[in-house]
Amino acid sequence: MPTLLLALATLSATATAAEVVVFGDSWAEGGGDELEDALHAAGYRYDVANYGVGGTTAESWNATAPDALSLAVAANPDARWVWLSILGNDTFGHHAARNGNAAAADNERELRAMLDRLHRDAPDVQVVSFAYDFVNFEQSVDCLITASLYFPAMVDAGTLSTLNVNQTFDRDIAQVQARVAADHPRYAAYTQWGTLQRDAGAASVDWSLPSPASRMSDCIHPTSHGYRVLHDGLVHLYWDVAEPTAQLSGAPTGPVCAGTTVSLGDRSLGAEARLWWVDGDEVGSDVDLDVLVPRGSLPVRLRTYAGAWHDDVDLTLEGVDPPAATASGGGSVCVGDGLTLHAGGADTVAWSPTDGLDDPAAADPFATPSATTTYTATVSSAPGCDATADVTVTVLPRPDARLDGPDAAVPDTDVPFDVAGDADHVVWEAPGASVTADGTHATLSFPEPGRYDVTAHVTGANGCAVDVVRTVQVIADVAQDTDAGGDGAASCGCATPRGATGRGLVAWGLLLGLAARRRQRPT
């Protein structure tokens with residue numbers, strides 16, 4: 001295609017600082033100036049660079065000069081937008097070749113190929129198209145002949161009419177553009193069917209009528225005024241819209257655990273479409289995005305689109321490794337005793353269960369459980385980044401022991417005491433008294449009247465100890481010897497009476513009875 005190749009050769013020579021690049025077929029070739037006029041009239045002082053080539057198709061560009069659109073944009077470093085006029089000749093060609101049923105699928109494939117190649121090289125450029133307007137094959141005999149050449153299948157079927165041609169264009173062009181725009185955020189498409197009819201005074205669009213001859217320069221192309229009307233509409237639809245405000249939801253407030261999936265969402269204001277980037281790669285255009293966070297920093301960008309405008313919001317996700325949790329300090333304790341536990345691996349700790357812990361959020365809590373307990377330490381390096389470790393505290397029972405012996409005695413008399421129950425080892429203690437010990441048995445002698453505490457420090461077979469205590473009241477012997485004075489006074493009876501008779505024996509019996517009724521006092 002010599003004309004197309006000539007256009008490519010002049011790209012570098014026509015480099016400008018234009019913000020808008022016009023590219024495509026004869027509609028692009030003939031309507032670039034009017035687009036610039038419409039932009040300026042609306043207050044947008046953007047320059048337009050025109051690279052339209054009459055007669056070209058998306059198929060021919062892709063086959064012969066696949067980088068032509070990218071080169072046109074590259075020749076204009078300030079380019080932000082492309083008006084792409086394409087698919088009209090593709091559609092005519094399919095129907096002229098009697099394969100109109102394939103037109104939609106073929107056109108969609110070729111259009112996507114052009115856009116994908118452009119955005120590979122110029123990812124921020126936005127593209128806009130509109131689906132021409134009604135052709136006017138009724139304008140002259142030549143136009144009718146042209147129509148029969150473009151739509152021979154319709155001629156054979158006797159159905160060639162403006163209505164059928166318009167509907168064919170709607171199906172094969174406008175709907176293709178809409179499908180591509182639905183999942184390609186950097187491509188926008190508008191249908192302006194009937195614009196020229198309305199500009200000529202029609203109250204509403206009539207699909208059975210062509211565009212008015214007064215607005216058409218030939219069978220297919222508008223006049224300069226027609227292009228201006230169409231571009232005024234495009235500027236209104238595409239540029240004269242409010243810019244979106246990009247906002248996202250689901251962003252964590254700090255680091256997250258590596259391997260965690262973070263769910264982000266587009267909650268932007270005024271957005272018509274969106275595009276997500278993760279680590280610089282495009283990953284989709286859905287409203288919601290799930291991101292698997294690796295270790296380290298992961299940049300995420302949400303770009304929202306509305307008409308010709310876009311807005312970005314950037315987020316950096318920080319992934320941290322899960323902590324290596326440790327728990328130590330467990331072991332065996334006796335009932336009522338405790339020990340210090342320790343959790344390691346991260347600064348944030350939570351212990352469970354909390355029973356018996358003085359501070360469940362401390363790395364080193366003191367544990368005094370009432371029964372054997374396995375404690376779990378959950379350590380966290382970031383929200384949702386947890387690890388656990390267990391430690392067990394085994395609670396041992398203390399020996400069940402009692403101290404048998406009298407509660408009363410008299411001085412200088414041997415008094416027996418015994419420890420009964422679970423006693424593996426006994427240490428005897430009785431301050432002020434004389435103690436002769438033999439394991440669980442001891443003989444005590446008290447030197448003078450008073451209160452004496454007899455303590456047996458009892459250790460069980462498991463190593464746990466308990467103190468059992470008995471308080472002994474030592475009372476002076478008041479018994480009188482019969483040789484010294486009649487029937488004698490009452491004796492305390494706290495030990496074997498020396499020559500006690502009469503009331504002394506009675507007192508001895510009473511004291512022993514009292515001793516038998518009193519209970520031991522453990523500690």
Side-chain angles (χ1 to χ4, degrees), residues 19-21 23 46 58 62 66-67 69-70 72-74 76-84 86 108-130 174-191 234 237-252 256 261-294 297-319:
E19 293 86 358
V20 182
V21 169
F23 193 90
Y46 301 135
N62 286 326
D67 294 321
L69 180 54
S70 295
V73 171
N76 295 271
D78 295 335
R80 298 171 61 186
W81 300 282
V82 170
W83 171 45
L84 179 62
I86 206 70
E108 183 172 344
R109 182 182 63 253
E110 298 293 345
L111 176 58
R112 289 184 184 275
M114 292 187 72
L115 295 174
D116 290 344
R117 192 173 292 107
L118 169 66
H119 289 128
R120 177 200 63 191
D121 300 328
D124 291 332
V125 170
Q126 298 179 69
V127 182
V128 61
S129 296
F130 63 85
Q175 292 183 359
V176 165
Q177 292 176 340
R179 282 198 299 271
V180 175
D183 60 10
H184 205 305
R186 287 165 295 179
Y187 176 71
Y190 299 94
T191 300
L234 180 62
L237 292 170
Y238 189 55
W239 275 273
D240 287 344
V241 297
E243 297 185 28
T245 301
Q247 297 179 3
L248 58 79
S249 63
V256 298
T261 297
V262 174
S263 295
L264 304 175
D266 176 15
R267 301 297 179 265
S268 304
L269 302 178
E272 299 170 351
R274 74 210 50 80
L275 192 62
W276 296 92
W277 282 269
V278 175
D279 200 21
D281 295 327
E282 291 184 20
V283 294
S285 58
D286 293 336
V287 173
D288 299 313
L289 177 71
D290 290 336
V291 181
L292 181 64
V293 182
S297 297
L298 183 69
V300 177
R301 168 172 288 182
L302 167 64
R303 172 167 291 176
T304 56
Y305 297 87
W309 317 108
H310 68 258
D311 188 37
D312 296 343
V313 58
D314 292 306
L315 167 70
T316 298
L317 298 173
E318 295 290 345

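By convention here, the first residue in the shown sequence is residue 1. Reckoned from all heavy atoms, side chains included, excluding hydrogens, waters and symmetry mates.
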Within a strict 4.5 Å, meaning less than it, do heavy atoms of the [X] and [Y] side chains meet?
X: V278; Y: L289; value: yes
X: L111; Y: L84; value: yes
X: L69; Y: R117; value: no
X: W276; Y: D266; value: yes
X: Y305; Y: H310; value: yes
X: L234; Y: W83; value: yes
X: L315; Y: P299; value: no
X: R267; Y: V287; value: yes

Counterpart residues, salt bridge (charged side-chain N to carboxylate O under 4.0 Å, His left out), relative to R301 (two or more places apart)
D312, D314

Please give me the minimum heavy-atom distance between [X] and [Y], naming the atom from each residue.
X: A113; Y: N62; result: CB-ND2, 3.8 Å
X: Q177; Y: S129; result: NE2-CB, 3.7 Å
X: V73; Y: A122; result: CG1-CB, 4.1 Å
X: F23; Y: A72; result: CD1-CB, 4.1 Å
X: T245; Y: T304; result: C-OG1, 4.4 Å
X: Q126; Y: Y238; result: CB-OH, 3.5 Å

Backbone N or O of [Y] within a donor-acceptor pair of the [X] side chain at under 3.5 Å?
X: R186; Y: V125; result: no
X: T316; Y: L298; result: no
X: E108; Y: V180; result: no

Parallel, tilted or perpendicular, judged at 30° and 60°: which one describes the rings of W309 and W81?
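Correct class here is perpendicular.
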
Give the C-alpha distance, both sets of side-chain angles, the deciding distance and a yes or no for side chain to side chain contact (heavy atoms under 4.5 Å, CB included) between Q247 and L269.
CA-CA 7 Å; Q247 297 179 3; L269 302 178; 3.9 Å; yes

In this structure, which one of R303, R80, H119 forms a side-chain contact (heavy atoms from CB on, under 4.5 Å) with D124?
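Filter result, single survivor: R303.
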
What's the separation between atom CG in D288 and atom CG in D290, rounded to the nearest 0.5 Å?
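Nearest 0.5 Å value for the CG-CG distance: 7.5 Å.
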
Atom pair CG/CG of L302 and L264 - distance to nearest 0.5 Å:
8.5 Å

Quick one, S268 with D311, criterion side chain to side chain contact (heavy atoms under 4.5 Å, CB included). Give me CA distance, side-chain angles, the key distance, then yes/no.
CA-CA 9 Å; S268 304; D311 188 37; over 6 Å; no

Between D67 and R120, is there a salt bridge with N-O shorter than 4.0 Å?
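Salt bridge: yes.
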
Sorted by chain and residue number, the side chain to side chain contact (heavy atoms under 4.5 Å, CB included) partners of A58 (sequence neighbours excluded) come out as I86, L87, D90, E110, M114

